[in-house]
Amino acid sequence: MHRNPGPAQGPSVHALPLRAAAVLGTGGLLLTGCGSGTADPGAQADLRASLPKAVRAAGVLRIGSYLHYPPVDFRDTDGKPAGLDPEIAAAVGDYLGLRVEFTDLPFEQLIPAVQAKKIDLAMSAVIDTKQRQLGAADDGHQADPGVDFVDYFTTGTSMVVKAGSQLTLTTVDDLCGHTVAVQRGTLQDDFATRQHDACPRTGRQLKVDRFDTDDQALAEVASGAAVADLNDYPVAQYNTTTPARTGRFEVANTHFLQSGPYGITVAKDDTELRDVVSKALDQVILGGGYDKILAKWNVTTGAVASTVVNGGL
């Protein structure tokens, strides 16, 4: 959903979804993990002691997310946060002895909320890019203070088309001469915009239709008004393999148009929290809890061996 342009071929696309552990609390959505799995219980005390004093005293990790992007971030039938990100967050919270409180925010408000300290972290399929790290605008000038990222999952952009589509869409240039749908403000939006600018060299123009949600973009594909919806590998697989959507859509390309890491978003001056979260998630990875979460949501292709700070390009 939220990544950076620049064509790159990544791993093959295979995946699906389902689950969440959440407890509703006053003032927010509080998560507790189950079966998180960690490698070194002896490391827990040291990491808990290394937490920023304010976080340790509050006993809560405040996380912002746009909870409308299954299977990564969404609400279950009870209205509680569900998906890949909430479960990984809950596992990290368990390891650190913290509750996890999710706040549902529009995607474009997540980074500003982290920078303003309204939330401690953002987890919402946010792609780590140098531009976001630096706070740079498209023209290169400094637009905001930037943020740091703890990279925890590898993803990429797929083209989702209407089932039975006869179009051959293998490369980005195959989109020229057609209409594509994207969710507004995502890095797929950026990607489509750059391809729009590149298509004239092929003699065929690309039209980009932008929507507030990915479901709206998919509806345009279903209607035939757009040939493809550009979205994340986990979301593309969810939209093509879940029982409710099987037979409606399919993935056109067998490789990612671009790839990059999801990053837990942290304020630039919160290096203490950033490093604790990175080390805690490494313990969850080593202990097997991370693999269990990815397997449950059928997104094991995106697994990483360990976290990386600011590894995006």
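Keep in mind the model is a prediction, meaning the values are calculated, not measured.
- In this structure, CD on Q131 lies 13.0 Å from CG on L313, to the nearest 0.5 angstrom.
- Side-chain contact between F102 and V100 is present, with heavy atoms from C-beta onward closer than 4.5 Å.
- Partners of P112 by side chain to side chain contact (heavy atoms under 4.5 Å, CB included), not counting sequence neighbours: none found.
- Within the 4.5 Å cutoff, side-chain heavy atoms of L84 are placed close to those of V299.
- In this structure, the separation between CZ on R62 and CZ on R99 is 12.0 Å, given to the nearest 0.5 Å.
- Using a 4.5 Å cut-off on side-chain heavy atoms (C-beta onward), D214 and D229 make contact.
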Exercise. Are T193 and R210 close enough, and set up right, to give a side-chain hydrogen bond (donor to acceptor under 3.5 Å, both in side chains), and what steps lead you there?
Worked result: CA-CA 10 Å; T193 299; R210 297 169 175 85; 2.8 Å; yes
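- Of all heavy-atom pairs spanning V60 and D120, the tightest one is O-OD2, 3.8 Å.
- With sequence neighbours excluded, no residue satisfies ring pair (Phe, Tyr, Trp, His ring centres under 6.0 Å) with Y152.
- Between the side chain of D73 and the main chain of Y69, no donor-acceptor pair closer than 3.5 Å is present.
- Screening residues 139-148 for side-chain hydrogen bond (donor to acceptor under 3.5 Å, both in side chains) gives Q115-D144, D139-H141, D148-K268, D148-R274, D148-N310 as the qualifying pairs, with residues at least two apart or on separate chains.
- Of the inter-residue distances, the one linking T300 atom OG1 with K292 atom NZ reads 15.5 Å to the nearest 0.5 angstrom.
- The closest donor-acceptor contact from the side chain of D76 to the backbone of K80 lies under 3.5 Å.
- Counting only distance, with no hydrogens or angles, the side chain of S223 and the backbone of E220 share a donor-acceptor pair below 3.5 Å.
- Judged as a salt bridge (Lys or Arg N to Asp or Glu O under 4.0 Å), and not counting sequence neighbours, the contacts of D209 are K207.
- Here CD1 of I119 is found 9.0 Å from OG of S65. Values are rounded to the nearest 0.5 Å.
- Closest heavy-atom contact between V126 and R132: CG1-NH1, 3.8 Å.
- Sorted by first and then second residue, the salt bridge (Lys or Arg N to Asp or Glu O under 4.0 Å) pairs involving residues 51-61 (not counting sequence neighbours) form an empty list.
- The NZ atom of K118 lies 12.0 Å from the CG atom of L110; values are rounded to the nearest 0.5 Å.
- Each of V277, L281, V284, D151 was scored for a side-chain contact (heavy atoms from CB on, under 4.5 Å) with T307, with one residue passing: L281.
- Linking Ile, Leu, Val, Met, Phe, Trp and Tyr whenever their side-chain heavy atoms come within less than 4.5 Å puts V172 and V208 in one cluster.
- The backbone N or O of R248 lies less than 3.5 Å from no partner atom in the side chain of E250, so there is not a single donor-acceptor pair.
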For this session: Check the pair L61, L121 against side chain to side chain contact (heavy atoms under 4.5 Å, CB included), reporting the backbone distance first and the verdict last.
Result: CA-CA 8 Å; L61 266 181; L121 309 168; 4.1 Å; yes
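- Aromatic ring orientation, Y233 versus F256: tilted (interplanar angle from 30° to 60°).
- In this structure, the side chain to side chain contact (heavy atoms under 4.5 Å, CB included) partners of V304, at least two apart in sequence or on a different chain, are T154, I285, Y290.
- Side-chain polar atoms of Q188 and T157 form a donor-acceptor pair below 3.5 angstrom.
- With sequence neighbours excluded, the residues satisfying salt bridge (Lys or Arg N to Asp or Glu O under 4.0 Å) with K117 are D269, D270.
- Applying the side chain to side chain contact (heavy atoms under 4.5 Å, CB included) rule to L167 yields the partners S165, L169, H178, V227; only residues at least two apart in sequence or on another chain are considered.
- L134 and V147 end up in different hydrophobic clusters when Ile, Leu, Val, Met, Phe, Trp and Tyr side chains are linked at under 4.5 Å.
- No donor-acceptor contact under 3.5 angstrom links the side chains of H68 and D215, judged on distance only.
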Exercise. Taking it one step at a time, do R75 and D104 satisfy side chain to side chain contact (heavy atoms under 4.5 Å, CB included)?
Worked result: CA-CA 10 Å; R75 295 178 185 272; D104 192 355; 3.2 Å; yes
For this session: Determine, step by step, whether M123 and Y262 satisfy the side chain to side chain contact (heavy atoms under 4.5 Å, CB included) criterion, reporting the C-alpha distance in whole Å, the side-chain angles of both residues, the deciding distance to 0.1 Å, and the verdict.
Result: CA-CA 8 Å; M123 287 185 73; Y262 284 169; over 6 Å; no
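- Between V235 and P70 there is no side-chain heavy-atom pair separated by less than 4.5 Å.
- Considering only heavy atoms from C-beta on, Q205 comes within 4.5 Å of H196 through its side chain.
- Under the 4.5 Å side-chain heavy-atom criterion for grouping Ile, Leu, Val, Met, Phe, Trp and Tyr, V309 is not connected to V276 through any hydrophobic cluster.
- Between the CG atom in N298 and the OG1 atom in T242 there is a gap of 11.0 Å [rounded to 0.5 Å].
- A continuous path of ILVMFWY side-chain contacts below 4.5 Å connects L105 to I111, so both sit in one hydrophobic cluster.
- Aromatic rings of Y66 and F107 (six-membered ring for Trp) have centroids beyond the 6.0 Å cut-off, not under it.
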For this session: Take D46 and K279 through the test salt bridge (Lys or Arg N to Asp or Glu O under 4.0 Å) and record every step on the way to the result.
Result: CA-CA 11 Å; D46 290 341; K279 291 173 183 176; over 6 Å; no
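- V221 forms part of a hydrophobic cluster together with V160, L218, F249, judged by ILVMFWY side-chain heavy-atom separations under 4.5 Å.
- Taking every heavy atom of both residues into account, V251 and S158 meet most closely at CG1-CB, 4.2 Å.
- No side-chain donor-acceptor contact under 3.5 Å links Q109 to the backbone of P106.
- Among residues two or more places apart in sequence or in another chain, the side chain to side chain contact (heavy atoms under 4.5 Å, CB included) test is passed with S306 by D282.
- F153 places none of its side-chain heavy atoms less than 4.5 Å from the side chain of P261.
- In terms of modelled atom types and a separation under 3.5 Å, the side chain of D85 and the main chain of S124 share a donor-acceptor contact.
- Among pairs with a residue in residues 183-219, those fulfilling disulfide bond (SG atoms under 2.5 Å apart) read C176-C199, at least two apart in sequence or across chains.
- Within the 4.5 Å cutoff, the side chain of R184 has heavy atoms near those of the D212 side chain.
- Residue pairs meeting the salt bridge (Lys or Arg N to Asp or Glu O under 4.0 Å) criterion with at least one partner in residues 160-181, sequence neighbours excluded, are D173-R201.
- Taking each heavy atom of F211 and A181 in turn, the nearest pair found is CE1-CB, 3.9 Å.
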Exercise. Could you go step by step and tell me if I127 and F149 meet the side chain to side chain contact (heavy atoms under 4.5 Å, CB included) rule?
Worked result: CA-CA 9 Å; I127 292 295; F149 292 98; over 6 Å; no
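- Taking every heavy atom of both residues into account, G311 and Q133 meet most closely at N-NE2, 4.3 Å.
- Here the closest non-hydrogen pair linking A192 and L230 is CB-CD1, 4.2 Å.
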